[in-house]
Amino acid sequence: MKKQKKGHEWRHVENKKLVYTVYFVLRFSVVLMLIAQFFNQNYENVLLCILTLVLFMLPSAFERRLHIDLPDTLEIIILLFIYAAEILGEIQSYYTQFHSWDTMLHTMNGFLCAAIGFALVDILNREEKISLYLSPFFMAVTAFCFSMTIGVLWEFFEFSMDQWLLFDMQKDTVINTISTVNLDPSHGTTAVIVRGIQDVILVLEDGAQMPLGLGGYLDVGIVDTMKDLFVNFIGALVFSIIGYFYVKSRGKGNFATRFIPRLQRKPAAQAEKSQDIQKQETVSGKKPE
């Protein structure tokens, strides 16, 4: 087998026609959405569209700035993830129309963050200038912890926005059974279970009563938060297992490589030019002009 020249190991970021096609299609769609929301005078959604356009530029910006190569599959999924969360989820109200939409995105978030965490450790492991080496098992554990940390920080952000700006990012859940020590007649720690709740009536400051009519008790955020963390856990665990076997059998199979960013080396053309210059220096004994 012909040995691959240095510079050919990893593809240069400019050879991503499929990524650019997806990028421009999604960007064009967001621009159309922005114009429509502007004429509908829905300026909050206009800001969401602008935010989406900015987020679309981050993957390529990170590639150039950090000199990493995002695999096509990973970059396309990131772009689709942003579009699904901001445009479909928020503006098109998929979060409320499809109850599994948020669950799907949080699962994917756990999977992608584990891939990014795995890549960070893998790059450090393979960097000769850094005295760090982790076994495949500890690399998997580190990637898992990295993904879970990102998930927790995001839930902190949602909670903060709900408390300070009343956004309701932690979507509420209607339940029919509660268990609380606040209803203990002796004011102890015995949980009182209330089943079959069909409605909740709010009593306002002026004495007015407002039946919610939701068919149950309104749980404010906690069920949604724990569900999000659980599916993030599943996504992180799945990729950590995949990453473990990826390191154990380095060079075999290409599924994991579709999601793990890699340190970018010189493009092939630059590498070949550098080799030609070195050959000329060796033959002539001096640096060519």
### Query
With the 4.5 Å side-chain cut-off for hydrophobic clustering, are Val223 and Met104 part of the same group?
no
### Task
Would you check if His106 and Glu155 make a side-chain contact, meaning some heavy-atom pair closer than 4.5 Å?
yes
Scan the side chains in residues 229-237 for donor-acceptor partners under 3.5 Å anywhere in the protein, sequence neighbours excluded, and list what turns up.
unit_1, atom_1, unit_2, atom_2, d
Asn232, OD1, Asn109, ND2, 3.1
Asn232, ND2, Ser147, O, 3.4

### Query
Which distance, rounded to the nearest 0.5 Å, do you find between the CE of Met108 and the OG1 of Thr103?
13.0 Å
### Message
With a sphere of 6.0 Å drawn around CE of Met226, does it hold more than 12 non-hydrogen atoms of other residues, nucleotides or ligands?
### Response
no
### Query
Excluding sequence neighbours, so at least two apart, what forms ring-ring contact (aromatic ring centres under 6.0 Å, His included) with Phe62?
none
## Note on the structure
The reported gap from OH in Tyr94 to OG in Ser100 (rounded to nearest 0.5 angstrom) is 12.0 Å
### Message
Under the rule for side chain to side chain donor-acceptor pair (under 3.5 Å), what residues qualify as partners of Ser179, not counting sequence neighbours?
### Response
none
### Query
Looking at side-chain heavy atoms only, is the closest gap between Tyr246 and Phe118 below 4.5 Å?
yes
### Message
For the CG atom of Leu48 and the CD1 atom of Ile87, what is their distance to the nearest 0.5 Å?
### Response
7.0 Å
### Task
Would you kindly confirm whether Ile77 and Met57 end up in one hydrophobic cluster when ILVMFWY residues are joined by side chain heavy atoms under 4.5 Å apart?
yes
Which side-chain N or O atoms in residues 188-213 pair as donor and acceptor under 3.5 Å with protein atoms at least two apart or in another chain?
unit_1, atom_1, unit_2, atom_2, d
Asp199, OD1, Gly213, N, 2.9
Asp206, OD1, Ala208, N, 3.0

#### Entry: Fellow cluster residues of Leu120, listed by chain then number, with links counted only when side-chain atoms sit under 4.5 Å apart
Ile116, Phe146, Ile150
### Query
Out of curiosity, does Leu58 fall in the hydrophobic cluster containing Tyr20 (side-chain heavy atoms, cut-off under 4.5 Å, transitive links)?
yes
### Query
Can you name the side chain to side chain contact (heavy atoms under 4.5 Å, CB included) partners of Leu166, sequence neighbours left out?
none
#### Entry: Heavy-atom pair of closest approach, residues Pro59 and Ile78
CG-CG2, 4.0 Å
### Task
Dump the intermediate steps for side chain to side chain contact (heavy atoms under 4.5 Å, CB included) on Thr142 and Ser240, then the final yes or no.
CA-CA 9 Å; Thr142 302; Ser240 296; over 6 Å; no
### Query
Can you pull the side chain to side chain donor-acceptor pair (under 3.5 Å) pairs that have at least one residue in residues 165-175, sequence neighbours excluded?
Gln170-Thr225
### Summary
Sorted by chain and residue number, the ring-ring contact (aromatic ring centres under 6.0 Å, His included) partners of Phe157 (sequence neighbours excluded) come out as Trp154
### Query
Does a side-chain heavy-atom distance below 4.5 Å link Ile91 with Cys49?
yes
### Query
Sub-3.5 Å donor-acceptor pair from the side chain of Asp69 to the main-chain atoms of Arg262, do we have one?
no
#### Entry: Nearest heavy atoms of Leu55 and Ile82, plus distance in Å
O-CD1, 3.6 Å
### Query
Shortest non-hydrogen contact from Asp162 to Phe167?
OD1-C, 3.6 Å
### Task
Mind running side chain to side chain contact (heavy atoms under 4.5 Å, CB included) on Leu218 and Ile175 for me, showing each step along the way?
CA-CA 6 Å; Leu218 188 64; Ile175 58 179; over 6 Å; no
### Query
With sequence neighbours excluded, what pairs up with Ser93 under the side chain to side chain contact (heavy atoms under 4.5 Å, CB included) test?
Thr96, Gln97
### Task
Could you tell me which non-hydrogen atom of Pro261 sits nearest to which non-hydrogen atom of Ala115, and how far apart they are?
CD-O, 4.1 Å
### Task
Go through the structure and list residues passing salt bridge (Lys or Arg N to Asp or Glu O under 4.0 Å) with Glu75, not counting sequence neighbours.
Lys16
#### Entry: CD1 on Ile241 to CZ on Phe144, rounded to 0.5 Å
9.5 Å
### Task
With sequence neighbours left out, write down each residue that passes ring-ring contact (aromatic ring centres under 6.0 Å, His included) with Phe239, or none if nothing qualifies.
Phe111
### Query
Are any side-chain N or O atoms of Trp101 and backbone N or O atoms of Ala84, one a donor and one an acceptor, separated by less than 3.5 Å?
yes
### Query
Can you hop from Val181 to Val220 via hydrophobic side chains spaced under 4.5 Å?
no
#### Entry: Nearest-0.5 Å distance, CZ of residue Arg258 to CD1 of residue Ile242
12.0 Å
Pairs of donor and acceptor atoms involving the side chains of residues 24-40, under 3.5 Å and at least two apart or interchain, shall be tabulated with distances.
unit_1, atom_1, unit_2, atom_2, d
Arg27, NH1, Tyr23, OH, 2.9
Ser29, OG, Tyr83, OH, 2.7
Gln37, OE1, Asn45, ND2, 3.0
Asn40, ND2, Ala36, O, 3.2

### Message
Please report the interatomic distance CZ(Phe81) to CG(Leu74), rounded to the nearest 0.5 Å.
### Response
12.0 Å
#### Entry: Same apolar cluster (I L V M F W Y, side chains within < 4.5 Å links), Leu88/Leu112
yes
### Test item: Glu158 and Phe156 side chains (from C-beta on) under 4.5 Å apart, heavy atoms
no
